[in-house]
Amino acid sequence: MKTLRARDIGLACGTLPTGALNSIADVPGVLVGHLTLMHDDIRTGVTAIVPHDGNLYRRKPIAAAHVLNGFGKSTGLVQVEELGVIETPILLTNTLSVGTCFTALVRHAVAHNPDIGRETATVNPIVMECNDGYLNDIQALAVTEEDACAAIEAASSQVEIGSVGAGCGMRAFGFKSGIGTSSRRIDLDEQSFHLGLLVLANFGRPGDLRLPDGRKIAPVSTRANAPEKGSIIIVAATDIPLSDRQLKRVIRRSGAGLARLGSFWGHGSGDIALGFTTANMIAHDEQAALTELRALNENRIDLLFEAMADATQEAVLDSLVAAQPMTGRAGHHMPALRDTLVHLTRKAEIP
């Protein structure tokens, strides 16, 4: 059965064209895989974003990170900030499984690069997280290293969305959410490029969600004055040649997309963006003293700013529209946005 997406129910964002897949995989070479765990009180998993199918440790994509609100437990971002590259697949999971996924990435890197930590430098695993403890028994520590590796091995250009992988137990704005994705095509010098996003959405106060047409939507049963807490992880990929400084400028605009949705990045929310370009790589074993990197003419960067804001907004809506209602740990239940929209439509039709 075809997964419902935001555009299928008229929730498109912005005017820029999407890529053919309207996903992060519109950036050539970028792959996504999931491992989903759903049994008993377990509602969790791992999502892997693989920037290219080569040896990431040997050919490191230029990258940047930006923290909108730092209530989070991600690993690897300090070195991304300092060196401006990534050198492992990016793993997303629940908060208490970060260490397990970190170790899995170390083993994965060492298996492909036996000189790590001996003849050459150590490795910087990137793991990012959201807290799925409302629906998932997060204390069970259900995610294993094998699960993390399985998510990497499952990576393909067909990006599943909704309650899959790390998104299995996530919620946003009082609705079931999870993984979402979107992309924008950008034409430069008579060539077509793409900016693609994947989000792990687990944020937003019930009742604050605003749709692109301006409607504010709340679950049928909403607790008054509920706090804004949770997290969102935003991963952006592009095949446009950018420097790490330019990437950081672009991914900051994810905040504009989140604000359009009704989020204000509350005290207890970990809102983090990571971006990389497949057009500029740093060779681990580079011998030359001077190397060349291409960069975008900054007078054209507004196109990327617009694309980043629009795709962030739409990817979150994708995560909400695709997710089915779910009951999890201790009988906790999260409704689906689509069901609420159907209810409101029928209510409006009653004379």
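- Residue L105 holds its CG atom at 9.0 Å from CD1 of I126, rounded to the nearest 0.5 Å.
- Nearest heavy atoms, L16 versus R184: O-CD, 3.6 Å.
- Between the side chain of D132 and the backbone N or O of T44 there is no donor-acceptor pair closer than 3.5 Å.
- Of all non-hydrogen atoms in L197 and I24, the two that sit nearest each other are O-CB, 3.7 Å.
- Annotation: side chain of N55 is in contact with side chain of H112 (closest heavy-atom distance under 4.5 Å).
- With hydrogens and angles disregarded, no donor-acceptor distance shorter than 3.5 Å links the side chain of R5 to the backbone of A322.
- Interatomic distance, NE2 of H34 versus CG of D147, reported as 14.5 Å (0.5 Å rounding).
- Side-chain atoms of S231 and F71, non-hydrogen and from C-beta on, never get closer than 4.5 Å to each other.
- Clustering ILVMFWY residues whenever any of their side-chain heavy atoms sit less than 4.5 angstrom apart, transitively, puts V27 in a cluster other than the one holding L31.
- Nearest approach of T93 to V98, heavy atoms of both residues: CG2-N, 4.0 Å.
- Here the straight-line distance linking atom OG1 of T103 with atom CZ of R107 works out to 6.5 Å at 0.5 Å rounding.
- Remark: I240 CD1 to N280 CG distance equals 11.5 Å, nearest 0.5 Å.
- Put simply, CG on L56 and NE2 on H108 are 8.5 Å apart, with the number rounded to the nearest 0.5 Å.
- No donor-acceptor pair under 3.5 Å is formed between the side chain of D53 and the backbone N or O of G29.
- Remark: the H333 side chain and the T327 side chain contain an N/O donor-acceptor pair separated by less than 3.5 Å.
- Under the 4.5 Å side-chain heavy-atom criterion for grouping Ile, Leu, Val, Met, Phe, Trp and Tyr, L195 is not connected to I179 through any hydrophobic cluster.
- Between the side chain of K73 and the main chain of E129, no donor-acceptor pair closer than 3.5 Å is present.
- The environment of E286 atom CD is dense: over 12 non-hydrogen atoms of other residues, nucleotides or ligands sit within 6.0 angstrom.
- Nearest heavy atoms, A166 versus T47: N-OG1, 3.0 Å.
- C101 SG to M128 CE: the interatomic distance, rounded to the nearest 0.5 Å, is 13.0 Å.
- Under a 3.5 Å cut-off, the side chain of N202 and the backbone N or O of N131 do form a donor-acceptor pair.
- Judged by distance alone, the side chain of K176 and the main-chain N or O of M170 form a donor-acceptor pair under 3.5 Å.
- Side chains of H52 and T278: a donor-acceptor N/O pair is absent below 3.5 angstrom, by distance only.
- Checked against the 6.0 Å centroid criterion, the rings of H284 and Y57 qualify as a close aromatic pair.
- Proximity of a side-chain donor or acceptor of R245 to a complementary backbone N or O of L242 within less than 3.5 Å is not detected.
- Proximity of L258 to F203: side-chain heavy atoms (C-beta onward) are separated by under 4.5 Å at one or more points.
- No donor-acceptor pair closer than 3.5 Å links the side chain of D189 to the backbone N or O of Q191.
- Contact check for R249 versus Q246: no side-chain heavy atoms found under the 4.5 Å cut-off.
- Although no hydrogens or angles enter the test, the distance criterion places no donor-acceptor pair under 3.5 Å between the side chain of D244 and the main chain of A63.
- Residues D187 and S192 bring a donor and an acceptor atom of their side chains to less than 3.5 Å of each other.
- Nearest heavy atoms, V50 versus P89: CG2-CB, 4.3 Å.
- With respect to R260 and D310, a salt bridge is recorded, a charged nitrogen being found less than 4.0 Å from a carboxylate O.
- If you check the side chains of R58 and N113, you find a donor sitting under 3.5 Å from an acceptor.
- Counted by atom type alone, T100 and E145 present zero donor-acceptor pairs between their side chains at under 3.5 Å.
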Carefully, step by step, assess R59 and E87 under the rule salt bridge (charged side-chain N to carboxylate O under 4.0 Å, His left out).
CA-CA 7 Å; R59 293 180 64 242; E87 55 189 26; over 6 Å; no
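- The backbone N or O of W265 lies less than 3.5 Å from a partner atom in the side chain of S263, making a donor-acceptor pair.
- The nearest pair of heavy atoms linking P51 to I86 is CG-CD1, 3.7 Å.
- Side-chain contact check for N22 and E314: at least one donor-acceptor pair (N or O, by modelled atom type) lies under 3.5 Å.
- Judged by the 6.0 Å and 45° rule, R171 forms a cation-pi pair with Y134.
- More than 12 heavy atoms of other shown residues, nucleotides or ligands fall within 6.0 angstrom of atom NE2 in H39.
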